[in-house]
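Note on naming: letters A, B, ... go to the chains in the order of the sequence lines (proteins, then strands), and numbering restarts at 1 for each one.
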Amino acid sequence: MGKTFAEKILAQKAGLAAVEPGQIVTARPDLGMSHDNTAAIVQLFHRISLKRVQEPGKFVVILDHVVPAASVEYAQNHKDIREFVREQGIRFYDVGRGVCHQVVVEEGLARPGDLILGADSHTPTYGALGAFSAGIGRSEMAALWATGELWLKVPTSFRIELEGELPELVTAKDVILYLIGKLGADGAVYRSVEFAGPIVERMGIADRMVMANMAAEMGAKNAFIAPDETTFAYLADRTKDAFTPIYPDPDAVYEKVVRFDVGDLEPQVACPPGVDHVVPISHVAGKKVDQVVLGTCTNGRIEDLRLAAEVMSGRPVAEGVRMIVLPASQEVWLQAAEEGLLAEFVAAGALVLNPGCGPCLGAHEGVLAPGEVGLATSNRNFKGRMGSPDAELYLGSPAVAAAAAATGKITDPRRLLEEGR
Amino acid sequence: MIAGRAWKYGDDVNTDVIFPGRYTYARMEPKEMAQHALEDLDPAFAREVKPGDVIVAGRNFGCGSSREQAATCLAAAGVGAVVAKGFARIFFRNAINSGLLVLEIPDAVDAIQSGDRVEIDVAGGALTHKGRRYPFPPLPDVVREILAAGGLIPYLRDRLAKEG
Ligand code: SF4
């Protein structure tokens with residue numbers, strides 16, 4: 001009987017011949033990732049009464065959540081983290097390098113066939129490159145530092161096949177929002193989600209990362225996209241280490257296989273207060289917005305910035321709207337500067353921030369006031385996510401964000417592009 | 001052996017009703033957390049729960065936020081086990097890592113009513129209710145050891161101390 005990706009990779013990393021869904025195994029990950037929460041993990045680590053991280057080379061710490069520090073408390077956390085990583089010899093990226101998930105991928109730290117555990121709920125992002133990656137808690141990261149291993153339950157697998165040809169300005173973000181709307185926020189709880197089909201095969205790494213990143217919003221433990229030429233070409237410049245991709249068997253047994261034809265999809269929008277409150281854009285067109293955020297680990301890559309600039313095509317940001325652009329990493333920032341995109345955004349009246357999470361988690365750099373309406377390219381719109389619990393947050397693609405910035409209301413980006421022609 | 005009365009609830013019991021969000025950032029010892037366990041679902045629970053009592057619930061128990069206190073407060077309240085049709089992923093992990101036994105036994109959930117007496121033989125791998133045995137697969141060694149130690153952090157501390 002064939003095995004799914006999750007079953008194959010977890011058997012391998014646990015040193016077993018085969019595993020079954022539901023089985024609990026002790027696995028040794030290739031990489032452990034944490035961010036600003038490393039300060040809290042250090043405290044838990046000390047409670048184990050250990051002085052040294054056992055295999056420091058297997059960990060990475062990236063400061064991204066509240067960078068640069070927005071308060072003395074955050075500054076102290078960052079300071080403690082810097083000391084700890086220096087003392088332990090852990091690979092470290094300081095404030096300004098970028099959002100953790102983007103940095104891991106850019107640095108070639110996520111490779112096909114890797115098992116990666118991260119103390120962040122969007123760790124499934126690296127499934128875009130054929131890794132098995134899942135989010136864990138803080139005590140669990142402390143445990144990994146101490147022993148290099150952790151118990152994991154083998155998930156059942158769920159395969160989603162996507163067919164058709166995406167219409168112009170309909171993006172990976174629209175596809176994943178559509179799927180979350182259809183399947184629900186608990187549609188894939190504890191499942192390993194494999195995305196497949198011609199739509200996914202044609203996607204670049206940036207789009208595949210959008211899919212894997214937001215699989216977390218259906219409750220998935222991990223996401224997987226089969227590594228192919230696109231993956232290998234992306235990694236060629238980024239890692240010298242050899243890797244061995246793992247693929248599901250053709251006769252693997254899935255709990256569910258679903259097929260969607262997304263050939264006539266409209267741009268999609270998730271309405272507050274749930275990521276699964278998804279509607280086609282025509283249903284909410286005309287809703288006025290106060291702030292637009294383009295960026296985050298979901299949609300802050302160069303492809304996203306290019307798309308947004310194309311949709312705006314020189315139009316200014318509408319009066320009364322604040323547009324915040326935050327490239328997901330330094331690399332994206334520099335590339336966008338080189339291509340003149342940052343200058344275009346600033347000339348249009350937008351505000352360009354440093355790479356980082358920024359307002360995505362509602363901590364700083366542009367939170368919403370009570371009664372305000374935001375539209376962001378991020379991945380969560382729960383009550384209070386971007387500031388006040390009495391603000392409303394809509395989620396959409398970079399094209400939708402650009403159209404909202406240029407018109408001051410939720411607008412089908414295709415209409416704008418038409419007018420511009 | 002775990003033995004006590006059953007407290008039965010429905011599907012989708014979320015972490016907000018298990019441990020209210022208004023307390024998440026308050027500094028609290030587990031004993032104090034226990035006083036707020038299930039506060040927004042069943043105010044009688046925290047007052048009347050006895051060590052060894054068992055929570056019985058439907059699908060997706062512990063869904064919602066990832067707060068670890070939802071598991072800690074139940075463990076500190078003396079709950080012997082949570083038996084459900086299914087658990088939200090993070091709650092399931094947090095529970096074991098806090099030393100709280102969690103079991104998926106759907107048939108037993110259907111049969112048990114609030115107030116019934118329930119016994120769980122962890123080593124023997126069975127729950128007993130009204131004379132009927134509901135077997136469950138043996139817990140993996142690592143999970144048994146983590147539960148016995150009272151959670152992941154104490155488990156590691158003991159283990160590393162032994163290894164010297
Ligand atoms: S950008 Fe937002 S979703 Fe991504 S890691 Fe940062 S806070 Fe989390």
Quiz item: Which heavy-atom pair separates A:Gly135 from B:Arg89 by the least distance, and what is that distance?
Solution: O-NH2, 2.7 Å

Exercise. Let me know if A:Thr26 has heavy atoms under 4.5 Å from chain B in its side chain, its backbone, both or neither.
Key: side chain

Quiz prompt | Non-hydrogen atoms of B:Arg159 and A:Thr147 that approach each other most closely | solution = NH2-CG2, 3.7 Å

Quiz item: When only heavy atoms count and the cut-off is under 4.5 Å, which of residues 42-57 of chain B reach chain A?
Solution: none

Self-check item: Other residues, nucleotides, ligands: >12 heavy atoms within 6.0 Å of A:Tyr190 OH
Solution: yes

Quiz prompt | Within 6.0 angstrom of B:Arg59 CZ, more than 12 heavy atoms from elsewhere | solution = no

Quiz item: By number, which residues in residues 11-20 of chain A have some heavy atom less than 4.5 Å away from chain B?
Solution: none

Quiz item: Say you draw a straight line from CG of B:Leu152 to CD of A:Glu140; how long is it, rounded to the nearest 0.5 Å?
Solution: 6.5 Å

Quiz prompt | Non-hydrogen atoms of A:Trp151 and B:Arg93 that approach each other most closely | solution = O-NH2, 2.7 Å

Quiz item: Counting a contact as any heavy-atom pair under 4.5 Å apart, which residues of residues 109-148 of chain B contact chain A?
Solution: B:Pro140, B:Val142, B:Val143, B:Ile146

Exercise. Would you mind checking which part of A:Gln23 comes under 4.5 Å of any heavy atom in chain B, side chain (CB onward), backbone (N, CA, C, O), both or neither?
Key: neither

Quiz item: Considering only heavy atoms, which portion of A:Gln54 lies under 4.5 Å from any heavy atom of chain B: side chain, backbone, both, or neither?
Solution: neither

Practice problem: Report the residues that fulfil ring pair (Phe, Tyr, Trp, His ring centres under 6.0 Å) with B:His36, sequence neighbours left out, ordered by chain and then residue number. | Solution: B:Tyr23

Quiz item: What is the minimum heavy-atom distance between B:Arg157 and A:Ile48, and which atoms define it?
Solution: CG-O, 3.7 Å

Practice problem: Of all the heavy-atom pairs spanning A:Asp186 and B:Asn60, show the shortest one and how long it is. | Solution: OD2-ND2, 4.0 Å

Self-check item: Atom CD of A:Glu87 with >12 non-hydrogen neighbours under 6.0 angstrom
Solution: yes

Quiz item: For A:Leu50, is it the side chain, the backbone, both or neither that has a heavy atom under 4.5 Å from a heavy atom of chain B?
Solution: side chain

